[in-house]
2 protein chains.
Amino acid sequence: MTESSLTVDAVVSRLSVDRSSPVPLYFQVAQELQRLIDTEALPAGSRLTNEIEFADRLGVSRPTMRRAIQYLVDRGLLVRKRGVGTQVVRSQVNRSLELTSLYDDLEKAGRKPRTEVLSSGMVPAGEEEATALGLPPGSEVFELRRLRYADDEPIALMTNYLPPGVVDVEPEVFATTGLYELIRAAGYRIRVADQVIGATNAPSDIAALLHEKKGAALITMRRVAYDDEGAAVEYGTHVYRSSRYSFSLTLVER
Amino acid sequence: MTESSLTVDAVVSRLSVDRSSPVPLYFQVAQELQRLIDTEALPAGSRLTNEIEFADRLGVSRPTMRRAIQYLVDRGLLVRKRGVGTQVVRSQVNRSLELTSLYDDLEKAGRKPRTEVLSSGMVPAGEEEATALGLPPGSEVFELRRLRYADDEPIALMTNYLPPGVVDVEPEVFATTGLYELIRAAGYRIRVADQVIGATNAPSDIAALLHEKKGAALITMRRVAYDDEGAAVEYGTHVYRSSRYSFSLTLVER
DNA sequence: AAGTGGTCTAGACCACCGC
DNA sequence: CGGTGGTCTAGACCACTTT
């Protein structure tokens, strides 16, 4: 017990903050703490110094210290118990499902992503697309169909629908730039998205595109993304090869 | 503009807090605000009174008001922009993927859930189970196989592995009580879980159990749940009928 | 009783946005 | 420029857990 406390103390004493930095104090503290946890300098199960003393040592106020700790609690790295203390839950960092594009995900994972644009252009919205985007049925929407590769293996067939006027670029651009990046570049800020994940058997045409056999199990993902004003700016229905892709997420009790 | 402000003001003036309640102030405020959003008294797109005046009217401090607002921002109901203000993003409340059991989910949805225990007992851990639970390979673990029904239709086949000694009840109990409830009752507090969602084609034996055809696309979910100390307390591999179930989640930009 | 995290306050200063 | 949210402080009191 004493041994462990001393170790934690020693580790904590390595922390410091830079008050001249534009990075918020609470975030600096959170990042340094996370680094210690990731490197297992603070292994899973170890207890942190209580927040008041911790704040004192770092020279920050208690609310700021609490905010840093809460940030890591929300990410599932720390656990707090009233009357007891704060403990490290685990060291491995599993990124939870985030609001990023598949392209970014693959790139971060070091797999070389590539995109093939199958088609793009205005089409009359079906009932499903119109409902998702909150547009009158039959109105024109922009349809984009792309095939995503990683390391020259097809991974996903992505079909997206956008209200008219959201992105206005040459079709070739979609091969080199992520859709979300383009939407953001057009001045839309996506803050919230609803997703539904399911599964389906591959029909023969989709199977051929994805180098799978007809009937192969595919992961389906439907997503509606909303901008600042609460207006739907993108509706996508994607299918992924289950042999090559899966969704990972970390759940944290609130 | 003036019109809209007046309306919001009128709505906001309906709010109040109960200082004698044990419920935290920030939570009372958040709940009342959420109610106004859910009922569309504050429709999507409407702008909130600035937080300082809002706090004054409710008679709470600004940090408390901010905490209430942040709570709803984290849930994707509100959006804040510095220099601009706070707006309602949307009214529909889509519960995000939470740390609950399928049983609870179904029950809340008003479907009548039922559980059939296929088998339960100690088995030698395979490599997969041992790794997930952090136990030495070949050690004994508790295996539980259940079939979940909703409205007398099979929904999922659930296989769970627990370290020895976590739950010690008669097998019949599993038919009437959720696994997570039992784990909690045994004094474990589950705070974090990692999930991986994928898809697979049903082998004939599983297809038969789930009333599906062989080869039907099923959703797979693997989950490792961790307790306070960061120790794995449960490893589950579940398969769901994609025709009857899907995962819904809401993503919010951080 | 001692120690921990949970809540709340009143005020300060800063950064960004739109006019 | 005025208005907004973002950060930070120093301190108070409370609720829970352990000894």
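Below, read A as the first sequence line, B as the second, and so on, with proteins coming before strands; counting in each chain starts at 1.
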Angle between terminal axes - the helix from C:dA1-D:dT18 to C:dG18-D:dC1, 5 pairs each end, rounded to 10°
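Rounded value for the end-axis angle: 20°.
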How about B:Asp168: does its CG atom have over 12 heavy atoms from other parts shown lying under 6.0 Å from it?
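No, not enclosed.
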Among side-chain atoms of A:Tyr26 and A:Arg66, is any donor-acceptor pair under 3.5 angstrom?
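There is no such pair (donor and acceptor under 3.5 Å, judged by atom type) between the side chains of A:Tyr26 and A:Arg66.
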Checking side-chain polar atoms at under 3.5 Å, does B:Glu234 have a donor or acceptor matched by the opposite partner on B:Asn160?
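A donor-acceptor contact under 3.5 Å links the two side chains.
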Length of the [atom1]-[atom2] vector between [X] and [N], whole Å:
X	N	atom1	atom2	result
B:Leu48	D:dG5	CG	P	9 Å
A:Lys81	C:dG3	NZ	P	20 Å
B:Gln70	D:dT4	CD	P	18 Å
B:Ile52	C:dT9	CD1	P	14 Å
B:Phe27	D:dC14	CZ	P	23 Å
A:Leu78	C:dG6	CG	C1'	16 Å
A:Arg66	C:dT4	CZ	P	14 Å
A:Leu72	C:dG5	CG	C1'	16 Å

Between [N] and [X], is there an OP1 or OP2 to side-chain N/O distance shorter than 4.0 Å?
X	N	value
B:Asn50	D:dT4	yes
A:Arg67	D:dC8	no
B:Thr86	D:dG5	yes
B:Arg80	D:dG6	yes
B:Arg19	C:dT9	yes

Under a 3.5 Å distance rule, please check whether [X] uses its side chain to pair with a backbone N or O of [Y] as donor and acceptor.
X	Y	result
B:Arg19	B:Leu25	no
B:Gln87	B:Gly45	yes
A:Gln34	A:Leu72	no

Between the side chains of B:Glu32 and B:Arg35, is the shortest nitrogen-to-carboxylate-oxygen separation below 4.0 Å, so that they form an ion pair?
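Salt bridge present between B:Arg35 and B:Glu32.
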Listed nucleotide nearest any side-chain atom of B:Tyr26, set C:dT9, D:dG5, C:dT7:
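For the B:Tyr26 side chain, the nearest candidate turns out to be C:dT7.
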Nearest-nucleotide pick for B:Thr64, side chain only, options being C:dG5, C:dC8, D:dT9:
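Nearest nucleotide to the side chain: C:dC8.
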Treating primed atoms plus P, OP1 and OP2 as sugar-phosphate and everything else as base, which nucleotides of nucleotides 10-19 of chain C get B, S or - for protein heavy atoms under 4.0 Å?
B-B--BBB--
Between B:Tyr71 and B:Phe27, what is the ring plane arrangement, given parallel below 30°, perpendicular above 60°, and tilted in between?
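Judged by the thresholds at 30° and 60°, the geometry between B:Tyr71 and B:Phe27 is perpendicular.
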Report the C-alpha distance between A:Ile183 and A:Val167 in whole Å, list the side-chain angles of each, state the deciding distance to 0.1 Å, and finish with yes or no for side-chain contact (heavy atoms from CB on, under 4.5 Å).
CA-CA 6 Å; A:Ile183 293 175; A:Val167 295; 4.1 Å; yes
Within-4.5 Å side-chain heavy-atom neighbours: A:Asp227 and A:Arg189:
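No, too far: nothing below the 4.5 Å cut-off.
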